[in-house]
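Predicted, not measured: the structure shown is a model, and the values here were computed from it.
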Amino acid sequence: MTTPRFAPFDTLIDRDQALGLLREAVAGADDGELFLERKRSESLVFDDGRVKVSSYDAAEGFGLRAVRGEVAGYAHSTEISESALRRAVATARIAVGDGGGIAADAPRGSNRQLYTDADPMADAPFAAKLDILREIDAFSRGLDARVVQVSATIAASHQEVFILRPEGGLVADTRPMARLNVSVIVEHGGRRESGSFGGGGRFGLAGLLEPAHWQGVAREALRIAQVNLDAVPAPAGAFDVVLGPGWPGILLHEAVGHGLEGDFNRKQTSAFSGLIGQQVAAKGVTVVDDGTLPDRRGSISVDDEGTASGRTVLIEDGILVGYMQDRQNARLMGVAPTGNGRRESYAHIPMPRMTNTYMLAGNAEPGDIIAGLKDGIYAVGFGGGQVDITNGKFVFSCTEAYRVKNGVIGAPVKGATLIGDGPAAMRQIRAIGNDMALDPGVGSCGKAGQWVPVGVGQPTLLIGGLTVGGSAA
């Protein structure tokens, strides 16, 4: 059954009334908006031969913000009504005080639609999704007799937002999301190892549920597990490291991307603060944040303040040229917003966040980059990591990596961690491949307790002198 469209100004509150209350909240302020949202999501997890999780969630509400200088008043409610909005106005106005602000210009408009507005959860009934999960389980076990456990997940969501601006403009966006993931555990000789693969984006579930797709996902998850089953302990010490294309861009996202968000730089807490116009990376390194890529997980037609998403060049040929901005930080820094004002939901205040952050391709052949590595590590998969944005220091664990000697890829290694700092790593890039790729659609980014979907990407890279943590003698 099709769910009716979210239409809060038709069914819950009068638009003119809402606009009047919004204007009351931001009178004397610099900026503000009324953000209304409905989001529905589902998740099915088939683990070890049985349904482990079957969940459905639906939530709606509004967030009202009034901004004055560096202060923002924010109130939110699950009840979209005149009375709830009036209470929110009183709370938000605390930040405005005596007023005196100058109202910011309205965000630029856009009719661009980067993804379908169809509900991905409607692509298949519950029973069909469950049957596919059972098929994935049986197929994965049939690929290798050493498979002892399979976990498969189908997840989808449908977010509908309206952003009412004090100038009277109304921006709407409907954001789908779909994902399929498979994890397997293999056992041999008393040793167990795991592998996971999957992805998705802002589109329907239909393509992900085709056998041609999920069988490839299952095979890749098994391949990674098999590689890890043969892995030897990683060495420890300083090594040159080649990073593979695509998902290894998560290191770029964490070690560099967060440091290029406007709020950290306005507050002078980033390792990149005050460095606009200076060389912060090796020649040839160009990094962009692009929320305009069709159907990508990190893309947004408009951000959560109503600004159209954009393609923002952050580092160009090694020179720092810009930061990612929401409206508040852009105004305080005297620059234009970049369409990076994002929030997890109506219950959260917007802040500068990444969308799809990636490094552009260079000219080197990937095979030549590896062939030139005399003694190092080739890392193609990453798991968790930690980063301190004040100095850029990072620690990342590798989920798939190999020892390389004299240009030859050798045994896979287990337990490798990459240790360094983002600014130094960017300056130590010695070769940039011509094979830029984006991740398969798996990224989620946390900041100040908020999580949003993101994308990452990069070409094959050679970085000199990273510290590798490992257990081999």
Side-chain angles (χ1 to χ4, degrees), residues 196 199 224 234 238-261 264 270-272 280-282 284-289 297-298 314-315 318 320 324 353-362 366 369-370 373 376-402 404 413 415-433 435-447 454-470:
S196 296
I224 295 170
F239 292 94
D240 292 345
V241 175
V242 173
L243 303 179
W247 177 243
I250 188 63
L251 192 151
L252 175 74
H253 167 102
E254 294 288 358
V256 178
H258 278 296
L260 299 180
E261 292 169 335
F264 294 135
S270 168
F272 294 96
V280 297
V285 172
T286 297
V287 178
V288 302
D289 183 86
R297 180 174 171 85
L314 304 170
I315 299 173
L320 180 62
M324 292 164 279
R353 304 295 301 272
M354 285 174 273
T355 58
N356 303 296
T357 310
Y358 55 95
M359 184 185 299
L360 300 190
I369 294 175
I370 295 172
L373 185 59
I377 300 293
Y378 177 41
V380 297
F382 283 91
Q386 294 181 335
V387 178
D388 183 344
I389 63 100
T390 62
N391 53 32
K393 293 186 182 298
F394 62 79
V395 178
F396 276 88
S397 61
C398 300
T399 56
E400 183 181 358
Y402 301 84
V404 179
V413 295
T417 59
L418 301 186
I419 304 167
D421 72 81
M426 289 297 98
R427 291 191 293 269
Q428 291 166 193
I429 292 175
R430 298 176 182 170
I432 305 172
D435 58 342
M436 198 288 288
L438 297 171
D439 75 284
V442 296
S444 291
C445 174
K447 177 179 176 181
V454 296
V456 301
Q458 66 172 45
T460 297
L461 297 177
L462 171 61
I463 303 179
L466 286 181
T467 298
V468 176

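In terms of the salt bridge (charged side-chain N to carboxylate O under 4.0 Å, His left out) criterion, residue partners of K447 (sequence neighbours excluded) are, by chain and number, E261, D263. For S196, the side chain to side chain donor-acceptor pair (under 3.5 Å) partners two or more places apart in sequence, or in a different chain, are S183. With sequence neighbours left out, the side-chain contact (heavy atoms from CB on, under 4.5 Å) criterion links T399 to no other residue. Under the side chain to side chain donor-acceptor pair (under 3.5 Å) criterion, Y378 pairs with no residue, sequence neighbours left out. Judged as a side chain to side chain donor-acceptor pair (under 3.5 Å), and not counting sequence neighbours, the contacts of N356 are S299. Residues satisfying the side chain to side chain donor-acceptor pair (under 3.5 Å) test with S270, not counting sequence neighbours, are none. Residues forming a side-chain contact (heavy atoms from CB on, under 4.5 Å) with A281 (at least two apart in sequence, or on another chain): V285, I315, M426. Residues passing the salt bridge (charged side-chain N to carboxylate O under 4.0 Å, His left out) test with D421: none are found, sequence neighbours excluded. By the side-chain contact (heavy atoms from CB on, under 4.5 Å) test, P459 is found to be paired with M359, I432, D435, M436, L461, residues two or more places apart in sequence or in another chain being considered.
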Going by atom type alone, with no hydrogens or angles, which donor-acceptor pairs under 3.5 Å involve a side-chain atom of residues 380-388 and a protein atom two or more places apart or on another chain?
from : atom 1 : to   : atom 2 : distance (Å)
D388 : OD1    : T390 : N      : 3.0
D388 : OD1    : T390 : OG1    : 2.6
D388 : OD2    : T390 : OG1    : 3.3

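Under the salt bridge (charged side-chain N to carboxylate O under 4.0 Å, His left out) criterion, the residue pairs touching residues 389-401 are R223-E400, with sequence neighbours excluded. Within the structure, every pair that satisfies the salt bridge (charged side-chain N to carboxylate O under 4.0 Å, His left out) test and touches residues 239-254, not counting sequence neighbours, is listed here: D240-R430.
Counting heavy atoms from C-beta on, the side chains of L252 and V456 never come closer than 4.5 Å.
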